[in-house]
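Taking it in order: structure first as structure tokens, then the write-up.
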Amino acid sequence: MSNDDGTTVEITHKTIGPSRPSRIRVASRIKVRDLRNAIAEKGRFPVANLRMILRGKALQDEEDGEDVYVTLKDEDSLTVAVIPKRPVGVETYDDDDDDEELKFKLPPSASRWKRKLYYFLRNKLKLPDIILMGLFSLSLKMWAIITLWFILAPIAHRWELGPIFLLGTGFSIILLNLGKRQPGDVSAYSIFNEDFRELPGTYNAERIDRDIRAGHI
């Protein structure tokens, strides 16, 4: 956890609550993420629920997609807060928690350029989460198709083929979203199944006829 020149410092971290202050030795220049992990490991705290405050400022792991570093000095004091876990089986109606769950977040495996673009759109352009979700949920293949569609649309309009172009787009969307049936899967419509096999429990005219003949109705 030390930095390039090997300089380390000893700092004090005080957890909010009845616990006593503790001391820990870390690198003088360290990633906030690494500092959080070190304190969580020493105090046996859950990393996801750990919040840190240094010199009156809350420390964040990332900013605009880049890891945040912090420079520490000997005898620096760090305030640590551990957010309690929600009790199992207890429902809360906190609007802030609901809003946090609805926010779009990139997966940890996202590439660096995608993270930088995400933070730029969210922090600089202030795009809402619903738009960010739509932008980053599409694959590169889908973006290529959308770009090609916008290129061909003016050409189709110029040649007075707009209606045909729109109909072709609609049929293409339907065909591309039909999906692929896995081996053993059965359609709800017997006409698409081998030997016109029906799903168990299907109630149709033939089933009603059988029940009448058997005296069940």
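Because the structure is predicted, anything quoted here is derived from the model rather than measured. In what follows, every heavy atom counts, from backbone to side chain, and hydrogens, waters and symmetry copies are set aside. Residue numbers run from 1 in the order of the sequence given.
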Got a second to check how far [X]'s [atom1] is from [Y]'s [atom2], nearest 0.5 Å?
X	Y	atom1	atom2	result
Phe45	Thr15	CZ	OG1	3.5 Å
His13	Leu35	NE2	CG	9.0 Å
Ser172	Leu167	OG	CG	10.5 Å
Leu121	Lys126	CG	NZ	12.0 Å

Less than 4.5 Å apart, side chain to side chain, heavy atoms only: is that true for [X] and [Y]?
X	Y	value
Asn37	Leu50	no
Val70	Ile30	yes
Val68	Leu59	no
Thr8	Val26	no
Leu78	Leu72	no
Val32	Met52	yes

Worked verdict on Leu148 versus Ile146 for side chain to side chain contact (heavy atoms under 4.5 Å, CB included): CA-CA 5 Å; Leu148 181 62; Ile146 293 174; over 6 Å; no
Any link between [X] and [Y] through a network of hydrophobic side chains (Ile, Leu, Val, Met, Phe, Trp, Tyr) touching at under 4.5 Å?
X	Y	answer
Val80	Ile16	no
Ile24	Tyr69	no
Met142	Ile130	yes

Verdict with reasoning, Thr71 to Arg29, per side-chain hydrogen bond (donor to acceptor under 3.5 Å, both in side chains): CA-CA 4 Å; Thr71 301; Arg29 188 173 186 272; 4.5 Å; no
Partners meeting salt bridge (charged side-chain N to carboxylate O under 4.0 Å, His left out) with Arg158 (sequence neighbours left out): none
Contact summary for [X] and [Y], nearest pair of heavy atoms:
X	Y	value
Ser77	Leu54	O-CD1, 3.6 Å
Phe165	Leu152	CE1-CB, 3.8 Å
Val9	Ala27	CG2-O, 4.2 Å

With [X] via side chain to side chain contact (heavy atoms under 4.5 Å, CB included) - residues at least two apart:
X	result
Lys141	Ser139, Ile145
Arg51	Ala81, Ile83
Ile173	Thr169, Asn177
Ile164	Leu161

Residues Asp61, Arg36; criterion side chain to side chain contact (heavy atoms under 4.5 Å, CB included); working and verdict: CA-CA 9 Å; Asp61 291 347; Arg36 186 189 309 276; 2.9 Å; yes
Using a 6.0 Å cut-off, check whether atom [atom1] of [X] has over 12 heavy atoms from anything other than its own residue.
X	atom1	answer
Glu41	CD	no
Leu125	CG	yes
Leu140	CG	no

N/O donor-acceptor pair under 3.5 Å between Trp149 side chain and Ala144 backbone: no
Qualifying salt bridge (Lys or Arg N to Asp or Glu O under 4.0 Å) pairs with a residue from residues 70-84, counting only residues at least two apart or across chains: Arg23-Glu75, Arg55-Asp76
